[in-house]
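Every value quoted in this text rests on a predicted model; they were computed, and no experiment measured them.
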Amino acid sequence: MKCRLFFSAMLLLCAQNVTAQAVDYPIGEKLTYRIMWGLFPVGHTVIQCDEMCLNGTDVIRIRVEAKSNSLVSTLYPVNDRIDSFISRETGLPFRIEKRTSEGDFICDDVLQLNHSEGIATWESQSASICTNYLIHSDTLDVAAFLYAIRTASFAMGKAEQFHIAVDGALHGLTILPEQKKMLQTGLSDKKIPCTRYSVVPERDDLFVRKIPSDMWVADSSRRVLIRMKAKTPVGSVRIVLDRVETSDQIKISEGSAVDKNDSI
């Protein structure tokens, strides 16, 4: 049984085949995205990276949340959250907690990655399922992938194959940078250089009927995800960057005195 995250396509942006130590996790950063269905806003997604103490050990936590707005919630309320806990020593995720509430569907899962033994253990408490499978020594989860792309280099037109642990299986993922373009962000009217990436999953069930496409990433030093389109059962959904907050608590939003695009 798969957890059917309403905005799971948002999490499955793309990844680069790099060593985990090369991933730069921007502690204190918080990214907020508007989720649009046609001209109508349907919710928002927040991606946050911070530090915390877990069982007496300092770790990095990536939290990804997706919530429907008040209008959509009257018909189909969505409140999803993923917490990915990453070792500071290895840069690898070792525990992923996922809680999904979509309509009357409830999912409560834990995925544990043991890279030294090459084993992943997925336990779905809501479905009473527990399974093990083999992983690679540098396997990441979907949340950690969102940061791997920001520190890795891609060659235009060159496809790369990667592996990602999702629920009870290891998946192949092909990433292809295809286009350069000046693109307007959701932060201001100023256009910035971006790169469009395509994503092709090895198996159709990776995205559970939510197929991402046209993912635009800023070409600046921080390489933040700017925009993404995804095909869903109800039509095309757009995810647009709406706000950036840094570790210095500088809020980059409409009306700020800081050049908003400089932060991405």
Side-chain angles (χ1 to χ4, degrees), residues 1-15 20 23 25 27 30-31 43 45-68 77-148 162-173 201-203 205-210 212:
M1 181 177 181
K2 298 290 184 181
C3 287
R4 302 168 298 168
L5 286 173
F6 182 66
F7 301 129
S8 62
M10 174 65 208
L11 308 183
L12 294 164
L13 165 63
C14 46
V23 177
Y25 297 101
I27 304 300
K30 182 179 180 180
L31 306 175
T45 291
V46 176
I47 305 175
Q48 187 166 1
C49 181
D50 54 24
E51 293 179 298
M52 64 172 296
C53 183
L54 182 66
N55 298 326
T57 301
D58 291 333
V59 300
I60 298 170
R61 181 186 66 179
I62 300 174
R63 170 166 287 183
V64 183
E65 297 178 286
K67 295 184 179 180
S68 56
V78 173
N79 188 0
D80 297 342
R81 187 180 77 189
I82 291 180
D83 284 325
S84 176
F85 300 98
I86 297 169
S87 167
R88 295 192 63 87
E89 289 74 21
T90 66
L92 294 168
F94 61 89
R95 180 180 176 87
I96 300 92
E97 299 176 357
K98 182 162 61 175
R99 293 175 177 82
T100 299
S101 176
E102 301 176 1
D104 58 358
F105 177 78
I106 303 296
C107 182
D108 190 356
D109 293 358
V110 174
L111 174 63
Q112 300 189 72
L113 305 180
N114 188 328
H115 295 87
S116 60
E117 296 185 7
I119 294 292
T121 301
W122 177 59
E123 182 178 1
S124 175
Q125 299 179 16
S126 53
S128 300
I129 296 174
C130 185
T131 184
N132 297 324
Y133 57 93
L134 298 177
I135 61 173
H136 296 269
S137 61
D138 59 353
T139 295
L140 302 178
D141 72 303
V142 293
F145 270 139
L146 297 176
Y147 293 91
F162 308 101
H163 298 92
I164 179 173
V166 181
D167 296 340
L170 186 68
H171 298 264
L173 197 64
E202 185 178 85
R203 292 164 44 178
D205 60 348
L206 175 58
F207 296 111
V208 195
R209 297 188 304 151
K210 303 172 184 66

Looking at [options], which hits side chain to side chain contact (heavy atoms under 4.5 Å, CB included) with [X]?
| X | options | answer |
| --- | --- | --- |
| L113 | I119, L140, I96, L92 | I96 |
| K98 | D167, D80, D83 | D167 |
| R61 | D50, I27, L54 | D50 |

Is there a side-chain contact between [X] and [Y], using heavy atoms and a 4.5 Å cut-off?
| X | Y | answer |
| --- | --- | --- |
| V46 | R63 | no |
| V59 | F94 | yes |
| Q112 | W122 | no |
| N114 | T121 | no |

Look only at the side chain of [X] and the backbone of [Y], and say whether a donor-acceptor pair between them is shorter than 3.5 Å.
| X | Y | result |
| --- | --- | --- |
| D108 | T100 | no |
| Y133 | A165 | no |
| H115 | T139 | yes |

Practice problem: Evaluate the salt bridge (charged side-chain N to carboxylate O under 4.0 Å, His left out) criterion for residues E51 and R88: first the C-alpha distance (whole Å), next the side-chain angles of each, then the deciding distance (0.1 Å), finally the verdict. | Solution: CA-CA 10 Å; E51 293 179 298; R88 295 192 63 87; 2.5 Å; yes
Self-check item: Pair N79-S101, side-chain donor/acceptor within less than 3.5 Å
Solution: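 No, no side-chain donor-acceptor contact under 3.5 Å.
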